[in-house]
Amino acid sequence: MAVQSLSRYDAYAGNPEKKLTLYMLVLGFAALLVGTLFGPLQAFNYAGIDLYRVLKPMIQSYYQGLTVHGVLNAIVFTQLFGQAIMLYLPSRELGLRPNLTWAWISWWMALIGLLITALAVLSNAASVLYTFYPPLEAHWAFYVGAAIFVLSSWVTAFLTIEMWTRWKRQNPGKLTPLATYMAVTFWLMWLLCSLGLVVEVAVFLIPWSLGLISGVDPLLMRTLFWFTGHPIVYFWLLPVYTLAYTTLPRLAGGKLVSDPLARLVFLLFLLFSTPVGFHHQFSDPGISPTWKFIHMVLTMMVAVPSLATAFTIAASLENAGRARGGKGWFGWIRALPWDNPTVLAFILGFLAFIPGGAGGIVNASFTLNQGIHNTTWIPGHFHLQVATLVTMGAMGTAFWLIPHLTGKPLVGRGYAVASQWMWFLGMFIMTFALHWMGWLYQVPRRAFIAGSPTAMEAYKDSGTWMTLNAIAGIILTIATLFFFYVIFATLLQKQRDPSRVMPEVPFTQVLSDPEGSGLAALTDRVWFWFGVAVVLVVLAYGPVLLQMFTHMNPVPGQRLW
Ligand code: HEM
Ligand SMILES: [Cu+2]
């Protein structure tokens, strides 16, 4: 087909939801770009190199930069990617259109919330990190902007659920299609678990920062925060899992091995993501060890669906490798399409998830946590999860999704492949170093050690690991530049060539399909399972929260920067 000029070719004709999805995605990647630029500076800090002097007066401190990094990468980018994927996939799969007025309202809410928050952070009025623990007190605009931003995701949640119920009415007795099942359980999980954060911000932090109440209780605030703070990592992860289950096998040249098992995985996340937050509070006072123990056990439960995912995805990739002619124990690995940047990104991301998951089990183990809590081990751990698997899954998906949405073919495929290898390598080196610095030398996280001679003296034994951080910082800078070159060159080109882009979402076929599966039918009773999830949360949090709410000890705010 001939290349058509911009004016004559309307990429969104008949598919206005494509434009919305693109806007969500591009806003998310813009956040990732700005947030990620601070990453190498932080890696250099943990190599004893201070580059913050050159950033003044734009950026006042390491901690202001770290707030930008955490908020933009972990909150803004991840949420927008979820909003893009978990509305678009079900919409395509069901052949239905979400309510576009509300969908655009949600985009505007995200943008406005983001701008308000950004203003507070960039003017150094909110250097409180992305966890904003009281009594550290930010400007009210930080909390108000964050609230508007998060509420935008609720709109997307309701839109997806509305689309699904519409489909159910038109298709009585039919099983929910797989990607839609994943999206619906995902959004229900999020509506339930985000309540902690919403209560913390709306009921306490906003009135407090406006001076309407004089203090807040730090323990209660932390407990409400972590009510959302653990499951939020599944909120980041599950869009990538959804893509790994429903598109990756096809892109790799094979089939998903089991549809019913994939449903079970998402059901387990709905049930067990939320009642586990005390594993972030093992070192907190005022929570009994019994409750901490219960949350530890439940945390181990929520590792099960990720283990099941590892096996299912690996088996599906093996299926693909064999379908492509790979033989023997390892031949199937070589036969995979390593030159496809999307498949590459997912494979490398999942590889990083293996040590990432192992570290997570250590973190979750009550007393072992004492050995690594608040050290650089923790950023070491979660950069394998969110900064590697989730981010690489998103980057890899962008390589086909942006062309699919715009009709503009991918530019710089070689750079795309290189960016993924380098991102993986850089993250692997950095997280390795951060783990050992934290574990062996107790180097604290969230610390501007390069700016403190005392700290540099205290941690000088970890010099080898520091060098690795510097090397990783350089590799990751190049990876970032390569990736964003591909994205911008693709978006900004004039050419639209529908013959060179994927016309449809590459939904996979399955080996073991859900028709007639008792398990699939059982998991499809979504509202019943949602009720069970609510009950579990009430049981695991109710008694402790009741006690905290009835024994509040509000303290005044502090601004220490
Ligand atoms: C070029 C890539 C990146 C590099 C070199 C990098 C490096 C770092 C380092 C060294 C820290 C520890 C800072 C400290 O504790 O003082 C950190 C913190 C963090 N990073 Fe990254 N990062 C990168 C990308 C990402 C991405 C893509 C995400 C999420 C999607 C992310 C999320 C976070 C979060 C949530 C924190 C914790 C912030 C806090 O403790 O308040 N990073 N990063
Ligand atoms: Cu957690």
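Whatever order the structure lists ligands and atoms in, that order sets their numbers, starting from 1.
At a 4.0 Å heavy-atom cut-off, ligand 1 touches Tyr46 through the side chain alone. Using a 4.0 Å cut-off between heavy atoms, Leu32 contacts ligand 1 through its side chain alone, with no backbone atom that close. Only side-chain heavy atoms of Thr391 come within less than 4.0 Å of ligand 1; its backbone N, CA, C and O stay farther off.
Numbered from 1 in the order shown, with element, the atoms of ligand 1 that lie under 4.0 Å from a heavy atom of Thr36 read 1 (C), 2 (C). Taking a cut-off of under 4.0 Å to the non-hydrogen atoms of Leu476, the atoms of ligand 1 that pass are 1 (C), 5 (C). Of all atoms in ligand 1, listed by their number and element, those nearer than 4.0 Å to a heavy atom of Leu129 are 41 (O). Atoms of ligand 1 found under 4.0 Å from any heavy atom of Ala74, numbered from 1 in the order shown, are 35 (C). If you number the atoms of ligand 1 from 1 as listed, the ones under 4.0 Å from a heavy atom of Ala447 come out as 16 (O).
Looking at Tyr245 and Thr309, their side chains do bring a donor and an acceptor atom within 3.5 Å of each other.
In this structure, the protein non-hydrogen atom closest to atom 4 (C) of ligand 1 is Gly39 CA, 3.4 Å. Scanning the protein heavy atoms around atom 9 (C) of ligand 1, the nearest turns out to be Gln42 NE2, 3.5 Å. Nearest non-hydrogen protein atom to atom 43 (N) of ligand 1 is His383 NE2, 2.7 Å. Regarding atom 2 (C) of ligand 1, its nearest protein heavy-atom neighbour is Met427 CE, 3.5 Å. Ranking the protein heavy atoms by distance from atom 39 (C) of ligand 1 puts Arg446 NE, 3.2 Å first. In terms of protein heavy-atom proximity, atom 16 (O) of ligand 1 is nearest to Tyr62 OH, 2.6 Å.
With respect to the Cu ion (ligand 2), His230 has ND1 as its nearest N, O or S atom. The minimum distance between atom 21 (Fe) of ligand 1 and any N, O or S atom of His69 involves atom NE2.
Ring to ring, His69 and Phe38 are not that close: their centroids are 6.0 angstrom or more apart.
Heavy atoms only, all atoms of each residue included: Ala84 and Thr21 are closest at O-CG2, 3.8 Å.
Ring orientation note: the planes of Phe29 and Phe81 are nearly perpendicular, at an angle over 60° on the 30°/60° scale.
Under a cutoff of 6.0 Å and an axis angle of 45°, Arg446 and Tyr63 do not form a cation-pi pair.
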